[in-house]
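Structure, as structure tokens:
Sequential numbering from 1 along the given sequence is applied to the chain's residues.
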Amino acid sequence: MHIELAGKRAIVTGSTGGIGFAIAAGLAASGAGVVVNGRTDKGCLDAAQRIRDHIPAARIEAVAADLAGEAGASELISRAGDPDILVNNVGIFGEKRFEQINDEEWERYFQTNVMSGIRLSRHYLSRMIARGWGRIIFISSESAIHVPKEMIHYGMTKAAQLSISRGLAELTAGTAVTVNSVLPGPTRTEGIEAGFQKSAEQTGISVAELEKKYLAARRPTSLLRRLETPEEVANLVVFVCSQQASAINGAALRVDGGVVRSIV
């Protein structure tokens with residue numbers, strides 16, 4: 001199967017690193033023009049150049065905007081044009097005891113992880129339907145189902161994305177627009193790698209051993225028994241963006257390494 005996205009325009013939020021960067025690169029490799037987004041001009045420009053270095057023919061634009069608020073969403077909308085593909089990837093995470101998460105922190109997670117996708121989808125969905133084709137994808141997490149006790153606030157936002165995605169899909173009935181969510185498992189992003197490396201230096205335990213201990217303690221149901229790569233997640237996202245995935249709509253698609261013990 002050859003995925004061809006030439007002539008399509010994509011926006012990938014939070015795409016200066018990690019899963020978002022891998023998705024942006026994957027879409028660019030399939031021929032789509034891609035708008036890379038992050039909070040700073042430098043981060044966006046650096047990410048765009050990294051993609052061009054690997055894919056010289058890539059059509060990449062860089063738009064810096066902090067999507068944790070309405071002003072940032074308006075900034076991105078005004079500069080990024082109308083996409084055929086919107087990947088709502090931007091998000092924050094961090095471990096914190098439930099009783100220590102104050103109202104401000106709950107609101108910050110909700111605004112960044114949930115409202116960012118709501119604002120952009122609210123603007124772009126009707127335009128996609130009017131043009132007769134479109135893809136909206138929310139990058140959720142296995143934490144939406146397998147809610148971690150150390151990140152309840154994060155799990156809440158990921159579960160909310162599933163509801164929003166399914167509800168929006170209902171609005172696309174009978175059209176060539178689809179809305180889906182993708183649920184990665186623990187992934188080897190730059191931030192995770194940096195955390196493991198810091199712990200390795202402090203404890204004298206190898207990064208590989210720390211990864212095994214982490215999975216055994218935090219994700220013992222993993223069938224993969226290792227962290228995923230961002231590219232493994234991006235492969236599914238690129239497929240869902242394709243014409244070949246036209247019958248997939250309203251779905252919560254897991255690429256979680258088997259962490260969630262469920263067949264549906």
Side-chain angles (χ1 to χ4, degrees), residues 13-14 17-20 39 66-70 72-73 87-121 137-168 179-196 198-199 210-228 230 232-233 236-237 250-264:
T13 66
I19 291 172
R39 288 178 295 177
D66 185 349
L67 299 179
E70 186 176 354
V87 181
N88 291 309
N89 170 76
V90 69
I92 55 176
F93 70 95
E95 297 184 2
K96 204 164 195 177
R97 291 174 61 89
F98 173 71
E99 61 270 21
Q100 295 175 344
I101 308 170
N102 59 27
D103 288 2
E104 183 179 357
E105 189 82 342
W106 279 101
E107 182 66 22
R108 184 169 74 93
Y109 269 72
F110 186 75
Q111 288 293 327
T112 305
N113 294 6
V114 181
M115 288 305 300
S116 59
I118 287 175
R119 291 183 177 111
L120 297 180
S121 299
I137 299 174
F138 287 80
I139 305 303
S140 182
S141 168
E142 51 85 15
S143 293
I145 301 169
H146 188 280
V147 180
K149 63 183 179 182
E150 70 277 5
M151 293 197 299
I152 294 173
H153 52 338
Y154 174 74
M156 176 275 295
T157 64
K158 298 289 106 176
Q161 288 179 317
L162 301 186
S163 295
I164 295 160
S165 174
R166 177 66 207 191
L168 293 182
V179 185
N180 294 287
S181 54
V182 169
L183 287 68
T187 305
R188 190 187 301 281
T189 62
E190 296 91 338
I192 295 297
E193 284 192 321
F196 276 132
K198 183 178 179 180
S199 295
L210 284 171
E211 180 178 322
K212 288 178 61 177
K213 288 178 177 291
Y214 169 82
L215 290 171
R218 299 291 177 83
R219 298 296 185 274
T221 56
S222 171
L223 302 179
L224 194 61
R225 300 294 174 89
R226 62 168 173 81
L227 298 178
E228 302 169 39
E232 287 173 320
V233 179
L236 176 58
V237 177
L253 304 166
R254 300 205 307 265
V255 54
D256 66 339
V259 168
V260 178
R261 281 182 166 169
S262 171
I263 58 174
V264 294

Quiz item: Out of curiosity, I139 CD1 to K158 NZ, how far, rounded to the nearest 0.5 Å?
Solution: 8.0 Å

Self-check item: H153 side, atom NE2; F98 side, atom CZ - distance, nearest 0.5 Å
Solution: 10.5 Å

Quiz prompt | Partner residues of E228 under the salt bridge (charged side-chain N to carboxylate O under 4.0 Å, His left out) criterion, sequence neighbours left out | solution = none

Quiz item: Would a distance-only check, ignoring hydrogens and angles, find a side-chain to backbone donor-acceptor pair under 3.5 Å from T112 to R108?
Solution: yes

Self-check item: Residue from V255, I145, L236 passing side-chain contact (heavy atoms from CB on, under 4.5 Å) with L183
Solution: I145

Quiz item: For residues 181-193, which residue pairs qualify under side-chain hydrogen bond (donor to acceptor under 3.5 Å, both in side chains), counting only residues two or more places apart or in two chains?
Solution: R188-E211

Exercise. List in chain and number order the residues that pass side-chain hydrogen bond (donor to acceptor under 3.5 Å, both in side chains) with S116, two or more places apart in sequence or in another chain; answer none if no residue qualifies.
Key: none

Self-check item: Closest heavy-atom pair and its distance - G258, L223
Solution: O-CG, 3.8 Å

Quiz item: Listed by chain and number, what are the side-chain hydrogen bond (donor to acceptor under 3.5 Å, both in side chains) partners of E104, not counting sequence neighbours?
Solution: none

Self-check item: Main-chain N/O of G72 paired with D66 side-chain donor or acceptor, under 3.5 Å
Solution: no

Quiz prompt | Nearest-0.5 Å distance that lies between atom OG in S141 and atom CE in M151 | solution = 7.0 Å

Self-check item: side-chain hydrogen bond (donor to acceptor under 3.5 Å, both in side chains) partners of R226, counting only residues at least two apart
Solution: E232

Exercise. With sequence neighbours left out, write down each residue that passes side-chain contact (heavy atoms from CB on, under 4.5 Å) with Q100, or none if nothing qualifies.
Key: K96, R97

